[in-house]
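Let me begin by handing over the structure; questions about it come next.
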Amino acid sequence: MEEMRAWRHVFKLDPNKPIDDERLERLCESGTDAVIVGGTDGVTIDGVLDLLARVRRFSVPCALEVTDVEALTPGFDVYLIPIVLNSRRTEWIIGRHHEAMKRYGDVMNGEELVAEGYCIVNRECKAAKLTEADAALADEDVVAYARLAEQLYRLPIFYLEYSGTYGDPALVDKVKRVLSRAQLVYGGGITTPEQAAEMARYADTVVVGNAIYESFENALATVAAVQQMADRRKFGAGT
Ligand SMILES: CC(C)=CCC/C(C)=C/CC/C(C)=C/CC/C(C)=C/CC/C(C)=C/CC/C(C)=C/CC/C(C)=C/COP(=O)(O)OP(=O)(O)O
Ligand SMILES: O=P(O)(O)OC[C@@H](O)CO
Ligand SMILES: [Mg+2]
């Protein structure tokens with residue numbers, strides 16, 4: 001899905017967490033480039049369908065990040081498929097994907113699938129624990145995963161995941177410098193517009209998740225901060 005490459009700011013809505021209609025409307029109409037529905041645990045078909053129906057009242061693109069095939073449903077613009085490059089278990093690198101292909105291969109539209117090469121660097125987050133990610137990585141390990149994603153596996157997305165904690169902008173910069181084709185997505189711990197702008201200086205796409213539920217007004221303010229930084233980068237003054 002080529003339009004994804006132009007996404008600079010994205011909100012990630014967790015089907016396991018409540019959001020009222022007024023906030024959902026403000027979020028969808030905020031100028032964000034897209035909404036991703038996804039989470040690590042408690043992702044049910046009911047929760048996913050509820051968010052899909054409510055987000056669809058607005059024109060913002062809506063993606064499902066698939067973490068549990070039991071919660072798969074048609075109707076999203078794109079299906080993001082995480083591959084945890086630094087998981088110690090093959091299940092999260094290829095096993096569940098193989099099972100999903102056996103089950104849905106005949107009905108799926110490959111054009112709607114986009115693989116994300118995840119590198120999870122916060123060892124305390126739920127996704128790291130679930131996937132048994134080797135998150136104790138030196139910067140050169142992360143850079144090597146980014147190169148693997150782009151140069152060997154030809155993945156369209158490299159997702160540097162700090163879920164729940166704000167990351168190291170210097171590392172995001174280092175990773176960006178070795179990527180030329182893959183889209184660099186940064187996510188984790190963004191709670192202020194300043195943090196969002198700092199990460200948007202290096203990452204192609206910045207994802208804001210938990211702040212929606214913990215600091216809503218700040219979460220909304222990240223949209224303009226990212227878009228301004230994206231404009232600065234576009235016109236050559238950002239980095
Ligand atoms: C029926 C239909 C519509 C079919 C369409 C075709 C289709 C899309 C088929 C699926 C194809 C396919 C290959 C699916 C893969 C299936 C699968 C389960 C893969 C494994 C995914 C994976 C590695 C999950 C691990 C966890 C992970 C990386 C999650 C990413 C999201 C994340 C880190 C969220 C943050 O967590 P959160 O829950 O928010 O944590 P907090 O609450 O602490 O904030
Ligand atoms: O929830 P936060 O910490 O903002 O992280 C966003 C996203 O990268 C989670 O997958
Ligand atoms: Mg979350």
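Start at 1 and go down the list; that is how both ligands and their atoms are numbered.
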Could you check atom 17 (C) of ligand 1 against the protein and tell me its nearest heavy-atom contact, residue, atom and distance included?
->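 Going atom by atom, the protein heavy atom closest to atom 17 (C) of ligand 1 ends up being Arg96 CB, 4.0 Å.
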
Can you tell me which residue and heavy atom of the protein come closest to atom 12 (C) of ligand 1, and the distance to 0.1 Å?
->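 Of the protein heavy atoms, Ala100 CB, 3.5 Å lies nearest.
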
What is the closest protein heavy atom to atom 10 (C) of ligand 1, and at what distance does it sit?
->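 Checking every protein heavy atom, the shortest distance to atom 10 (C) of ligand 1 gives Leu72 CD1, 3.8 Å.
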
Output yes when Arg54 and Asp20 qualify as a salt bridge under the 4.0 Å nitrogen-oxygen rule, no when they do not.
->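 No, no charged N to carboxylate O under 4.0 Å.
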
Short list, please: which atoms of ligand 1 are under 4.0 Å from a heavy atom of Met108?
->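 The list of qualifying atoms is 6 (C), 9 (C), 11 (C).
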
Do other residues, nucleotides or ligands put more than 12 heavy atoms under 6.0 Å from Asp106 CG?
->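 Result for CG/Asp106: open.
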
Considering only NZ, NE, NH1 and NH2 on the basic side and carboxylate oxygens on the acidic side, decide whether Lys176 and Glu150 come within less than 4.0 Å.
->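 Answer for the salt bridge query: no.
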
Identify, for atom 44 (O) of ligand 1, the protein heavy atom at the shortest distance, and state residue, atom and that distance.
->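 Protein heavy atom at minimum distance: Asn210 OD1, 2.8 Å.
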
Per-atom contacts of ligand 1 with Tyr104, taking only distances under 4.0 Å to non-hydrogen atoms =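 Taking each heavy atom of Tyr104 in turn, ligand 1 has 1 (C) under 4.0 Å.
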
N/O separation below 3.5 Å, Tyr118 to ligand 2 =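 The answer is no, given that Tyr118 and ligand 2 share no N or O pair closer than 3.5 Å.
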
Thr40, portion touching ligand 1 at heavy-atom distance under 4.0 Å |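 Both of them.
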
Kindly assign one of parallel, tilted or perpendicular to the pair Tyr166 and Tyr186, based on the angle between their ring planes and the thresholds 30° and 60°.
->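 Answer is perpendicular, since the angle exceeds 60°.
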
Select the closest option to atom 7 (C) of ligand 2 among Tyr159, Tyr162, Tyr213, judged by heavy-atom distance.
->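 When every heavy atom of Tyr159, Tyr162, Tyr213 is considered, Tyr159 comes closest to atom 7 (C) of ligand 2.
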
May I ask you to check whether Ser163 has an N/O atom sitting below 3.5 Å from an N/O atom of ligand 2?
->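 Between Ser163 and ligand 2 (N or O atoms, distance only) the closest approach is not under 3.5 Å.
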
Test: Arg96 and Glu99 ion pair at under 4.0 Å |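 Result for this pair is no, no salt bridge flagged.
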
Between His9, Gln195, Glu194, which is the residue that forms a side-chain hydrogen bond (donor to acceptor under 3.5 Å, both in side chains) with Thr222?
->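 Running side-chain hydrogen bond (donor to acceptor under 3.5 Å, both in side chains) over His9, Gln195, Glu194 with Thr222 returns exactly one hit, His9.
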
What protein heavy atom sits nearest atom 30 (C) of ligand 1, and how far off is it?
->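 For this ligand atom, the closest protein heavy atom is Tyr118 OH, 3.5 Å.
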
Taking atom 21 (C) of ligand 1 as the point of reference, which of Val114, Val66, Ile120, Leu85 owns the nearest heavy atom?
->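 Going through Val114, Val66, Ile120, Leu85 one by one, Val66 has the nearest heavy atom to atom 21 (C) of ligand 1.
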
Under 4.0 angstrom from ligand 1, any heavy atom of Lys17?
->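 Yes; Lys17 lies near enough to ligand 1 that a heavy-atom distance drops under 4.0 Å.
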
Go through ligand 1 atom by atom and flag the ones less than 4.0 Å from a non-hydrogen atom of Asp14.
->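 Counting atoms of ligand 1 from 1, those under 4.0 Å from Asp14 are 38 (O), 39 (O), 42 (O).
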
Below 2.8 Å, any N, O or S contact between Asn210 and the Mg ion (ligand 3)?
->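 Given the 2.8 Å cut-off, Asn210 counts as a ligand of the Mg ion (ligand 3).
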
In plain terms, say whether Arg147 and Glu140 are close enough for a salt bridge, that is, a side-chain N and a carboxylate O under 4.0 Å apart.
->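 Here Arg147 does not pair with Glu140 in a salt bridge, since their nearest N and O are not under 4.0 Å apart.
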
Would you mind checking which non-hydrogen protein atom is closest to atom 9 (C) of ligand 2, with the distance to 0.1 Å?
->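 So the nearest neighbour among protein heavy atoms is Glu161 OE2, 3.4 Å.
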
Which residue and heavy atom of the protein sit nearest atom 18 (C) of ligand 1, plus the separation =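 Of the protein heavy atoms, Thr67 O, 3.5 Å lies nearest.
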
Tell me, which protein residue and heavy-atom name are nearest atom 28 (C) of ligand 1, and how many Å apart are they?
->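 Here the closest protein heavy atom is Val84 CG2, 3.7 Å.
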
Heavy-atom count around Ile94 CD1 within 6.0 Å, excluding the residue itself: above 12?
->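 Counting neighbours around CD1 of Ile94, 12 or fewer heavy atoms of other residues, nucleotides or ligands fall under 6.0 Å, so no.
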
Top protein contact for atom 31 (C) of ligand 1, by heavy-atom distance =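 Of the protein heavy atoms, Glu65 OE1, 3.2 Å lies nearest.
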
Could you establish whether Gly164 and ligand 1 come within less than 4.0 Å of each other, counting only heavy atoms on the residue side?
->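 No; Gly164 lies far enough from ligand 1 that no heavy-atom distance drops under 4.0 Å.
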
Give the atoms of ligand 1, by number and element, whose distance to some non-hydrogen atom of Thr73 is under 4.0 Å.
->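 Selected atoms, number and element: 3 (C).
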
Would you confirm whether Asp33, through its side chain, and Arg8, through its main-chain N or O, come within 3.5 Å as a donor-acceptor pair?
->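 Yes.
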
Short N or O distance, Gly189 and ligand 2, threshold 3.5 Å exclusive |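 For ligand 2, there is an N or O atom that lies under 3.5 Å from one belonging to Gly189.
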
Which ligand 1 atoms does Leu113 reach within 4.0 Å, using its non-hydrogen atoms?
->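 Going through ligand 1 atom by atom, the ones under 4.0 Å from Leu113 are 7 (C), 8 (C).
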
Counting both backbone and side chain atoms, is some N or O of Asn210 under 3.5 Å from an N or O of ligand 2?
->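 Between Asn210 and ligand 2 (N or O atoms, distance only) the closest approach is under 3.5 Å.
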
Record the part of Trp92 in heavy-atom contact with ligand 1 below 4.0 Å; permitted values are side chain, backbone, both and neither.
->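 Answer for Trp92: both.
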
Contact atoms of ligand 1, heavy-atom distance to Tyr79 under 4.0 Å |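 Checking each atom against Tyr79, I get 3 (C), 8 (C).
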
Minimum heavy-atom separation for Ala182 to Leu155, with atom names?
->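 Smallest heavy-atom distance, with atoms named: CB-O, 3.6 Å.
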
Taking all non-hydrogen atoms of both residues, which atom of Ser163 and which atom of Asn122 are closest, and how far apart?
->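 Looking at all heavy atoms of both residues, the shortest contact is O-ND2, 2.8 Å.
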
What atoms of ligand 1 come closer than 4.0 angstrom to any heavy atom of Thr131?
->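 Those atoms are 25 (C).
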
State, yes or no, whether a side-chain contact exists between Leu160 and Tyr202 at a heavy-atom distance under 4.5 Å.
->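 They are not in contact (no side-chain heavy atoms under 4.5 Å apart), so the answer is no.
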
Is Arg56 salt-bridged to Asp77, going by a charged N under 4.0 Å from an acidic O?
->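 Salt bridge: yes.
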
Can you check whether Gly209 has an N/O within less than 3.5 Å of an N/O in ligand 2?
->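 Min N/O separation from ligand 2 is below 3.5 Å for Gly209.
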
Between the candidates Asn122, Ile81, Asp68, which shows the shortest non-hydrogen contact distance to atom 15 (C) of ligand 1?
->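 The nearest heavy atom belongs to Ile81.
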
Side-chain donor/acceptor of Ser215 to backbone N/O of Ala211, under 3.5 Å =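 The answer is no, because no donor-acceptor pair under 3.5 Å joins these two groups.
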
Could you name the option among Lys126, Arg89, Glu112, Glu161 that has the heavy atom nearest to atom 40 (O) of ligand 1?
->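 It is Lys126 that holds the nearest heavy atom.
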
Hey, is CZ on Arg177 packed in by over 12 heavy atoms from elsewhere, all under 6.0 Å?
->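 Count not over threshold, so no.
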
Ligand 2 and Ile190, any nitrogen or oxygen pair closer than 3.5 angstrom?
->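 In fact, backbone or side chain, Ile190 has no N or O that close.
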
Just wondering, are more than 12 heavy atoms of other shown residues or ligands nearer than 6.0 Å to CZ in Arg88?
->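 Yes, CZ of Arg88 has more than 12 neighbouring heavy atoms, counting only those of other groups under 6.0 Å.
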
Given the side-chain rings of Tyr145 and Phe158, with only the six-membered ring counted for Trp, is the space between their centroids under 6.0 Å?
->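 Ring-ring flag for Tyr145/Phe158: false, centres at least 6.0 Å apart.
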
Heavy-atom gap Ser163 to ligand 1 smaller than 4.0 Å |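 Distance cut 4.0 Å: Ser163 passes for ligand 1.
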
Side-chain (Tyr79) to main-chain (Thr73) donor-acceptor, under 3.5 angstrom =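 Answer holds: yes.
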
When you measure from atom 19 (C) of ligand 1 to each heavy atom in His98, Glu91, His97, which option holds the nearest one?
->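 Looking at heavy atoms only, His97 sits closest to atom 19 (C) of ligand 1.
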
Check whether any side-chain heavy atom of Tyr159 lies under 4.5 Å from a side-chain heavy atom of Val84, and answer yes or no.
->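 When only atoms from C-beta onward are counted, Val84 and Tyr159 do not touch, as no gap falls below 4.5 Å.
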
Identify, by atom number and element, the atoms of ligand 1 in contact range of Ala127, meaning under 4.0 Å from any of its heavy atoms.
->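 Near Ala127, the atoms of ligand 1 are 33 (C).
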
